[in-house]
Amino acid sequence: MSKSKKLFNDAKKVIPSGVNSPVRYYDPYPFFVKKSQGSHLWDEDNNRLVDFCNGYGALLLGHRRKEIISAVLHQLKNGTLFGTPSSIEIKLSKLIIGNFSSIQKVRLVNTGAEATMTAIRLARGFTKKKKIIKFEGCYHGSYDSVLVKAGSGAAHHGISVSEGGLKEISSNTLVVQYNNSDELEAVIKKHKDIACVIVEPILANMGLILPENNFLKNLRQITKENNTPLIFDEIVTGFRVSPGGAQAYFGIKPDLTTLGKALGNGFTIAAVGGRKDIMDQLTPGGKVYQASTFAGNPVSVSAAISSITTMNKLKNKLYSRLERYCALLARAIDDIATDMKIPHQINFTASMFQIFFTNKPVVNYKSAMKSDSKKFQKLFSALLQKGIFVAPSQFEVVFLSTAHTKSDFNDALDAYQYALKMVKK
Ligand SMILES: *Cc1c(COP(=O)(O)O)cnc(C)c1O
């Protein structure tokens, strides 16, 4: 029996389903990781895998990037938690504000869910309104008001509304189709009580779904006309799509922004930032409460400073190189699947892509749900067999990192060729 199998049997006894986040589970059992470096993971059985999951997008600079590790080691010598401010928090905030022109003030938190929860509460406090609008398939964290028609693990495990979640809360969340700004306009006009609109500017939690031509521009215009704060959830896209996220890439200014994942490149940190007049509603200056023991802790802060500094230093090459390799890989996989006559779609942008097994374009939740996810599971298992680890779900995304080499991309392409044959069988 493999060590991973043994560990999984053991894990199930003490951890529900053996995993600490549901997407990590897949049949028959997940591999257990011993260590990581650059673009690679080593499991407990000493197999080396090329990582295309990359901490669900967090590891834009790859595993154990040297600048980040040395910044953290340096910080460890000076302390890990102070419970009172430290100067590096200002340094990080200035870096974030420097990269994101829509952000005038920023508060640091720990996780993405905390960031979006704070952004939504801020919008409610600022507007004195109650309802929020989200889009089908967008994922904003695992709590009641956003776990409605959510993507990621919720879509994968067929949880449209979570048990234990309160209707009294989720009934205040109105859901609109992604890429449908007409529907948004109708819903905003109908309900007078909308506190905010929250959106992933590129939908990266339903597989990968790109915003159509004027979708984001229309969102900005409709929300402006109706005096409704617009929240860009850039937890995946921030720093990944460009140094200033999707908002810089598309040239659109939201009122509030949430960041996470690549912000800490593998360390626990997230942020909510935006217009000064909205951000200043936070306690103690304002009356919107938000607090956390570990927010702005010096270990995560020093990791994030190092991440942003490194990304900014490399930006002229980093983004164009990743975009080029991502497009090459996605187009090559597209060609292989076309030659094999496998009905499929492949969506890609920047350093992310995903394949869907369907003959119709995937532009929203409904069309993503129509793709054959059993075929995707076959693809996933075959890729893994060939040493390529992608997120184990149709409703996640393949993420590239700066640590990937040409030979990693060639290995991936060979593995996709094999895996698509298995899908066809
Ligand atoms: C991952 C993610 C979140 C939640 O972040 P956690 O750190 O897992 O709480 C929120 N929004 C988006 C777009 C995400 O991809």
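For ligands, and for the atoms within them, numbers begin at 1 and follow the listed sequence. All values derive from a computational prediction rather than experimental measurement.
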S.K.: Do the rings of H404 and F409 sit parallel, tilted or perpendicular, given the 30° and 60° boundaries?
M.R.: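 Tilted, since the angle between the ring planes falls between 30° and 60°.
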
S.K.: Which ligand 1 atoms does V236 reach within 4.0 Å, using its non-hydrogen atoms?
M.R.: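 Near V236, the atoms of ligand 1 are 15 (O).
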
S.K.: Does NZ or CZ of K35 fall inside the cone over W42's six-membered ring, less than 6.0 Å from its centre and within 45° of the axis?
M.R.: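 Judged by the rule, K35 and W42 form a cation-pi pair.
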
S.K.: Are the aromatic ring centres of Y26 and F380 under 6.0 angstrom apart?
M.R.: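 Under 6.0 Å, so yes.
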
S.K.: For Y139 and Y56, run ring pair (Phe, Tyr, Trp, His ring centres under 6.0 Å): C-alpha distance rounded to whole Å, both residues' side-chain angles, the deciding distance at 0.1 Å, then the answer.
M.R.: CA-CA 13 Å; Y139 180 74; Y56 291 85; over 10 Å; no

S.K.: Which protein heavy atom lies closest to atom 11 (N) of ligand 1, and at what distance to 0.1 Å?
M.R.: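 Among all protein heavy atoms, the one nearest atom 11 (N) of ligand 1 is D233 OD2, 2.7 Å.
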
S.K.: Looking only at protein heavy atoms, which one is nearest to atom 12 (C) of ligand 1, and what is the separation?
M.R.: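 It is Y139 O, 3.2 Å.
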
S.K.: Is the distance between the ring centroids of F31 and F389 under 6.0 Å?
M.R.: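 Ring-ring flag for F31/F389: true, centres closer than 6.0 Å.
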
S.K.: Which atoms of ligand 1 have any heavy atom of T111 under 4.0 Å away?
M.R.: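 The list of qualifying atoms is 7 (O), 9 (O).
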
S.K.: For atom 8 (O) of ligand 1, is some protein heavy-atom partner under 4.0 Å away?
M.R.: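 Answer no: nothing from the protein, no heavy atom, is under 4.0 Å.
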
S.K.: Closest by any non-hydrogen atom to atom 14 (C) of ligand 1: pick that one out of K261, H140, E234, E396.
M.R.: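 It is K261 whose heavy atom sits nearest to atom 14 (C) of ligand 1.
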
S.K.: Does N205 approach ligand 1 within less than 4.0 angstrom via side chain, backbone, both or neither, non-hydrogen atoms only?
M.R.: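 It is the side chain that touches ligand 1; the backbone stays farther off.
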
S.K.: Which residue from S152, G112, G264 reaches closest to atom 6 (P) of ligand 1 through any of its heavy atoms?
M.R.: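 Residue with the shortest heavy-atom distance to the ligand atom: G112.
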
S.K.: Considering residues at least two apart in sequence or located in another chain, which fulfil the salt bridge (charged side-chain N to carboxylate O under 4.0 Å, His left out) criterion with K378?
M.R.: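 Salt bridge (charged side-chain N to carboxylate O under 4.0 Å, His left out) list for K378, sorted by chain: empty.
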
S.K.: Which of the atoms in ligand 1, numbered in the order shown and given with their element, are less than 4.0 Å from a heavy-atom of E200?
M.R.: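 Contacts of ligand 1 toward E200, numbered from 1: 13 (C).
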
S.K.: Please could you name the atoms of ligand 1 that A113 approaches to less than 4.0 Å, counting only its heavy atoms?
M.R.: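 Listed by number with element: 4 (C), 5 (O), 6 (P), 9 (O).
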
S.K.: Using the ring of each side chain (for Trp, its six-membered ring), is F239 parallel, tilted or perpendicular to F100, with breaks at 30° and 60°?
M.R.: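 F239 and F100: perpendicular rings.
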
